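As the structure is a computational prediction, the values presented were derived from the model and not from experiment. Chain letters run A, B, ... following the sequence lines, proteins first, then strands; residues in each count from 1.
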2 protein chains.
Amino acid sequence: MTRSEENYLKIIFHLGGSNSTPITTNAIAEQMETKPSSVTDMAKKLAEKGLVNYKKYQGVSLTDQGTKTALSIIRKHRLWEVFLVKKLDFSWDEVHEVAEQLEHIKSEKLIDKIDELLEFPKFDPHGDPIPSKDGKFMVRDKQLLSEVAIGDKGVCVGVKDSSAPFLKFLDKNKIALGHTIQVLEKEDFDQSLHIAMEGRELRISHQIASNLYVKKNE
Amino acid sequence: MTRSEENYLKIIFHLGGSNSTPITTNAIAEQMETKPSSVTDMAKKLAEKGLVNYKKYQGVSLTDQGTKTALSIIRKHRLWEVFLVKKLDFSWDEVHEVAEQLEHIKSEKLIDKIDELLEFPKFDPHGDPIPSKDGKFMVRDKQLLSEVAIGDKGVCVGVKDSSAPFLKFLDKNKIALGHTIQVLEKEDFDQSLHIAMEGRELRISHQIASNLYVKKNE
DNA sequence: AATTAAATTTAGACAAAACTAAAAATAGGT
DNA sequence: ACCTATTTTTAGTTTTGTCTAAATTTAATT
Ligand SMILES: [Mn+2]
Ligand SMILES: [Mn+2]
Ligand SMILES: [Mn+2]
Ligand SMILES: [Mn+2]
């Protein structure tokens with residue numbers, strides 16, 4: 001498995017290409033920051049290796065083997081992110097870039113030992129689940145803050161957009177995973193929310209609310 | 001800097017190509033497990049970038065910039081080796097292969113934090129010195145056990161051959177860095193040594209003795 | 001000094017992963 | 001059903017790092 005092949009599999013998985021849902025050439029090209037013609041070439045190569053299903057003009061989906069491989073890369077990526085935050089004091093907006101490199105290190109023992117050192121975390125710093133060695137992971141029932149009804153409370157458990165600018169914005173406004181949020185009011189005009197959190201009240205835009213996941217309290 | 005360029009610089013350094021000592025094409029090819037013609041190609045490219053001095057048929061040596069780069073790769077390699085041993089319980093014969101990959105991860109912050117986590121170690125698990133950020137490192141006055149005079153004592157501080165088979169042999173015979181060794185007798189016939197170490201006596205071949213570094217006691 | 005052996009470089013080719021430009025297939029709108 | 005816009009594929013290049021085979025230079029030996 002080359003680094004490039006691994007990145008393609010990971011991206012196809014993230015675009016939903018597991019469960020034999022076909023993903024378009026253009027969608028993959030956009031995520032890979034490459035050209036559609038390059039995606040076609042790689043689709044053929046991965047199909048040759050039995051990692052994806054590919055029929056001309058019909059898009060690409062992962063085989064079981066391809067899904068398994070994608071999950072093992074994602075497992076490594078997220079474990080390294082946890083490592084960087086918990087053991088090396090990186091902030092959650094700095095880890096993704098480095099994890100993009102570390103995820104390609106080939107050593108089963110290494111990642112198992114990292115997992116052990118971190119005491120087998122189930123979620124990464126952005127709230128995304130960490131697949132186990134055999135490719136299983138928790139699906140947390142969560143919803144976007146923008147879809148929570150007025151008056152309801154929830155715990156912030158993840159971000160949808162994990163870009164550095166968004167994460168830095170959250171830091172600046174002291175919004176962090178684990179905080180409890182109550183929706184006080186929704187502004188009809190611009191969909192902004194008035195929320196209560198950790199003993200203070202603040203107003204956040206729809207754009208922010210639709211990139212924050214909360215787990216509703218029972 | 002590509003991974004391949006980094007590996008070439010590291011190998012030229014290890015062959016003594018710092019201090020403007022020219023290293024032959026063949027020697028580099030052998031270490032890189034590649035063909036001499038490939039080395040010539042790379043020599044041109046590295047010369048183009050100002051990392052090596054290269055004149056046709058005259059061998060290759062590192063420039064100051066090339067030496068600096070080589071030392072930063074070696075620094076990363078050795079720090080990762082310490083990390084693997086101290087934090088993840090790898091044995092000293094398992095770390096080299098993984099460090100060969102980790103040494104190419106590009107993040108200044110990452111390696112500085114690893115350095116800090118390890119409390120700024122000065123030597124790697126094989127007794128090799130770890131260069132500082134500015135490329136300085138300790139030169140320990142050590143000598144091969146095979147060159148120690150009869151009756152003299154020394155502390156085992158490093159290995160010359162750090163291949164897995166040799167390291168495993170040392171483990172099996174409970175020879176480890178930090179142990180004090182006294183040479184009791186040298187066998188004229190096969191140059192084997194009779195030594196005392198940690199309260200027991202044993203006989204070791206010349207081949208072993210000439211791959212173990214000791215620091216003589218004053 | 002001439003010959004031979006060894007080391008090194010050149011020339012041409014290849015695989016991986018990307019690109020551009022052109023051709024082909026699909027999907028939408030009338 | 002036809003035309004058009006979009007998507008996708010093909011064909012032909014490029015770059016990086018390698019290779020083989022042939023040519024050249026250097027070193028060693030007579
Ligand atoms: Mn990647
Ligand atoms: Mn993440
Ligand atoms: Mn390397
Ligand atoms: Mn070492």
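- Whole-Å rounding puts the Lys49(B) NZ to dT15(D) P distance at 14 Å.
- Listed pair Ser4(B) / dT18(D) meets the phosphate criterion, a side-chain N or O lying under 4.0 Å from OP1 or OP2.
- Of the listed nucleotides (dT20(D), dT8(D), dT8(C)), dT8(D) has the atom at the smallest distance from the side chain of Thr24(A).
- The aromatic rings of Phe83(A) and Trp80(A) sit perpendicular to each other, their planes meeting at more than 60°, with 30° as the lower class boundary.
- Here Tyr57(B) does not reach the OP1 or OP2 of dT10(C): none of its side-chain N or O atoms lies under 4.0 Å away.
- For Asp41(B) and dA13(C), the CG to P distance is 15 Å, given to the nearest whole Å.
- With Glu103(A) as the partner, the salt bridge (Lys or Arg N to Asp or Glu O under 4.0 Å) test is satisfied by one option alone out of Lys10(A), Arg3(A), Lys76(A), Arg75(A): Lys10(A).
- Using a 30° and 60° split on the angle between ring planes, His96(A) and His77(A) fall in the tilted class, from 30° to 60°.
- Look at Thr40(B) and you'll find a side-chain N or O under 4.0 angstrom from OP1 or OP2 of dT9(C).
- Between the side chains of Asp171(A) and Trp92(A), at least one donor N or O lies within less than 3.5 Å of an accepting N or O.
- The distance from atom NZ of Lys55(B) to atom P of dT9(C) is 13 Å, rounded to the nearest whole Å.
- For dA6(C), the OP1/OP2 oxygens have no side-chain nitrogen or oxygen of Asn26(B) closer than 4.0 Å.
- Separating the CD1 atom of Ile28(B) from the P atom of dA7(C) is a distance of 14 Å, rounded to the nearest angstrom.
- In this structure, Arg3(B) places its CZ atom 12 Å from P of dT18(D), rounding to the nearest Å.
- Taking only side-chain nitrogens and oxygens, Lys44(A) comes nearer than 4.0 Å to OP1 or OP2 of dT10(D).
- An OP1 or OP2 oxygen of dT10(C) is reached within less than 4.0 angstrom by a side-chain nitrogen or oxygen of Lys56(B).
- Between Gln58(B) atom CD and dT24(D) atom P the separation is 19 Å, expressed in whole Å.
- Across all strands, Ser38(B) comes closer than 4.0 Å to base atoms (heavy-atom distances).
- We find that NZ of Lys35(B) is positioned 9 Å from C1' of dT20(D), with the value rounded to whole Å.
- One finds no side-chain N or O of Tyr54(A) lying less than 4.0 angstrom from the OP1 or OP2 phosphate oxygen of dT8(D).
- The pair Asp141(A)-Lys215(A) fails the salt-bridge criterion, with no side-chain N (NZ, NE, NH1 or NH2) lying under 4.0 Å from an Asp/Glu carboxylate O.
- On a pure distance criterion of 3.5 Å, a polar donor-acceptor pair joins the side chain of Ser37(B) and the base of dT20(D).
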